[in-house]
Protein chains: 2
Amino acid sequence: MKPNFCLRLRVFNLNCWDIPYVSKHRADRVKRLGDFLNVESFDLALLEEVWSEQDFQYLRQKLSLTYPAAHYFRSGIIGSGLCVFSKHPFQEIIQHVYTLNGYPYMIHHGDWFCGKAVGLLVLHLSGLVLNVYVTHLHAEYSRQKDIYLAHRVAQAWELAQFIHHTSKTADVVLLCGDLNMHPKDLGCCLLKEWTGLRDAYLETQDFKGSEDGCTMVPMNCYVSQQDLGPFPLGIRIDYVLYKAVSGFCINCKTLRTTTGHDPHNGTPLSDHEALMATLYVRHSPPQQDPSPVQGPPERSSLINVLREAWTELGLGIAQARWWATLAGYVIGLGLIFLALLCILAAGEGAREMAVMLWTPNVGLVLGAGAVYLFHMQEAKGLCRAQSELQHVLGRARETQDLCSEPQLAPLLAAGGQS
Amino acid sequence: MKPNFCLRLRVFNLNCWDIPYVSKHRADRVKRLGDFLNVESFDLALLEEVWSEQDFQYLRQKLSLTYPAAHYFRSGIIGSGLCVFSKHPFQEIIQHVYTLNGYPYMIHHGDWFCGKAVGLLVLHLSGLVLNVYVTHLHAEYSRQKDIYLAHRVAQAWELAQFIHHTSKTADVVLLCGDLNMHPKDLGCCLLKEWTGLRDAYLETQDFKGSEDGCTMVPMNCYVSQQDLGPFPLGIRIDYVLYKAVSGFCINCKTLRTTTGHDPHNGTPLSDHEALMATLYVRHSPPQQDPSPVQGPPERSSLINVLREAWTELGLGIAQARWWATLAGYVIGLGLIFLALLCILAAGEGAREMAVMLWTPNVGLVLGAGAVYLFHMQEAKGLCRAQSELQHVLGRARETQDLCSEPQLAPLLAAGGQS
């Protein structure tokens, strides 16, 4: 590769709010999105919440000349909602469905039915290996009482691990999506600390768009005050994150967001704002690499965030076990009640009532059984994430201890977070 | 690394048949397994079907001096049953739970409740990066009418993809486990073709053990004729597979299996036979690399197996949709019947019967709803694997077409399967 190698990447990201029977003006917005993407001709357009496969097929056809490569990530019952359109061919495709993703009985929230996931596309551009990740994490329905916090932290950890383990030969890593986390939220810090990904909004030389880079803003006619909770001016939960490794450097020349309207000042394309980033990847001799090996202060911030995530998952495990225990008691009481109903049915006095109550009680026992099994599985999933964190924490602590002996630091940098 | 570098790895693999309340002589077998592993002092002991976490903790304590590193992979409701004991520390740990793993209503088979998975441990040995995978796929309960075939093929594909994407910087890849597939089964061929893994039994210079390397044999007192189905002499479904990349070569000096007894001729350690392999990893200059780039004949066998897997998944999708449709009809009929019951209850004649039938009918509708959702999710999961296969197939075909023009072959080898 030439020493003056330079690659420009124009990237588009949008949570499309494309939910059949629920989202307003869906067909019109999808049509206008297609027109806009065709006109702008980005290198990559990454979309979330495309929960209608028909809409994906419509876009695929409409964009086929400008974006010859396209992929829809299928998962769960409804689907992950993730899809990608690209000017450049995909070399490889894989996806990972998050182990934990809310509760099936929270039907009105619906996340569990989607099978939220992270999709990976490997592209080869001018000899450069580019790993593109697109994801959508569990929504936050209440900031004050967020019952999904442990699940979102576990998802952020799975996402970070997936990126860490699948990007070892990538020159450039790009992650776009709706993380449903504010920039300083625990899961967001965990993801950035463990992968080394940098936030385009914080790094760009030239930003134009909504105030503070918010991606849900009150000016958007599809956004209600309830969606913004205690942040009436808007929230930033959609991201373009990136890093370069092995002798390359990447920077974000410009970052644009829509501002509650369609890019041409019409009705917005979605209830989220679109992100449009222009990234430049350049050759960078190893000694000029802008991502130096982490020294003790950075390691200590990694350790802090790992410890905090470990604690949060611990609270989630306790909660899951509490629900499983409660369901266990309900099963026990239901079985005792069933036995009593059998005795009553054998007698004469209350036979009719006993027979009437038999079936609802069987339903109760079966329902409680399902709840018990679900929360046992939830506890196992959280324990799994916690034990992986525990392992990383142990290794990070070892490295930190040994880094205090300067002659050992280079030896350890290779074995720790890479 | 020295040119005469040589690393010896002694590996043990066993499906332990450690199922609380079900498996015979469990405590005694686990104790004897611990004693044996301590005496033999392998580099790595990979175990499947350890479905009691207490037994893992017992082994962890018992083996702590010989195998200081240990990990238990938690998932699903019961657990993946996978665990690893190692003489050498783990640098990194991650696991992937298979998207499809049987049916929750097949309670007597139980696989769905386990959360079958693949676990990965990254080890650094004398400067060499070793990726160790351990897995257990869905059981085969009937060879003649295998209702889980599509799921097992999808699992084999997910396993192959997980290895492919997470081992790109590994020098040596080792996969052990109970694949529940015979050596020439579709899933097994798919796994080997896509990852390039080689079978220790077929490659070893020195094999001693059960006839044809079988890992379930009739001499084992825990094995019934039913377990062996149409193979009364035994089946080979547990494997040690490996490959070396980037300037290393690996070979299997010896492979031993138990032969229906404990290694000291007592009661067997499990209903499966243990595998004990001695592997040697040597430095190999690139030109002597024993895994040459795949030429057209190998590509054509890859294309054939991809095509066959694609077809098998297609049959699975049709079946899943059939069940979803059937469940849809049951829901429809159940709702009509509920409406009729409402009318009857409003009248005088059959009010009592209508009230009696109301709750079971609601149960039927809810049950059919759950079946519908499950099979919709199954179809999505199979479609996802099929679309990944389709993509690889497309790329492999392109490569094959271009490989027929010899001057283009080297160019393509880098972009295809690596």
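Per chain, numbering begins at 1; letters A, B, ... match sequence-line order.
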- Query: Judged by atom type as modelled, is there a donor-acceptor pair below 3.5 Å linking the side chain of A:His391 to the main-chain atoms of B:Phe90?
  - Reply: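 Present.
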- Message: Whether the side chain of A:Gln91 engages the backbone of B:Arg395 through a donor-acceptor N/O pair (distance < 3.5 Å, no angle test) should be reported.
- Response: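 Flag not set: sc A:Gln91 to bb B:Arg395 has no pair under 3.5 Å.
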Nearest 0.5 angstrom please: [X] [atom1] to [Y] [atom2], how far?
X        : Y       : atom1 : atom2 : answer
A:Lys380 : B:Ile77 : NZ    : CD1   : 9.0 Å
B:Leu382 : A:Arg74 : CG    : CZ    : 12.0 Å
B:Arg384 : A:Ser80 : CZ    : OG    : 10.0 Å

Under a 4.5 Å cutoff for heavy-atom pairs, which residue among [options] has the most contacts with chain A?
options                               : result
B:Val97, B:Leu373, B:Val392, B:Leu366 : B:Leu373
B:Gly381, B:Cys383, B:Gly363, B:Ser75 : B:Ser75
B:Leu120, B:Ile94, B:Thr169           : B:Ile94

With a 6.0 Å cut-off (strictly less than), is the heavy-atom count around [atom1] of [X], excluding the residue itself, greater than 12?
X        : atom1 : result
A:Trp310 : CH2   : no
B:Phe374 : CZ    : yes
A:Tyr67  : OH    : yes

At a heavy-atom separation under 4.5 Å, does [X] approach chain A through its side chain, its backbone, both, or neither?
X        : answer
B:Gln95  : both
B:Thr166 : both
B:Ile78  : backbone
B:Gln161 : both
B:His71  : side chain

- Can you name the one residue among A:Lys168, A:Glu92, A:His165 that meets side chain to side chain contact (heavy atoms under 4.5 Å, CB included) with B:His165? A:Glu92
- Compare all side-chain heavy atoms of B:Trp358 with those of A:Thr359 and state whether any distance is below 4.5 angstrom.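 With C-beta onward as the side chain, the pair stays apart.
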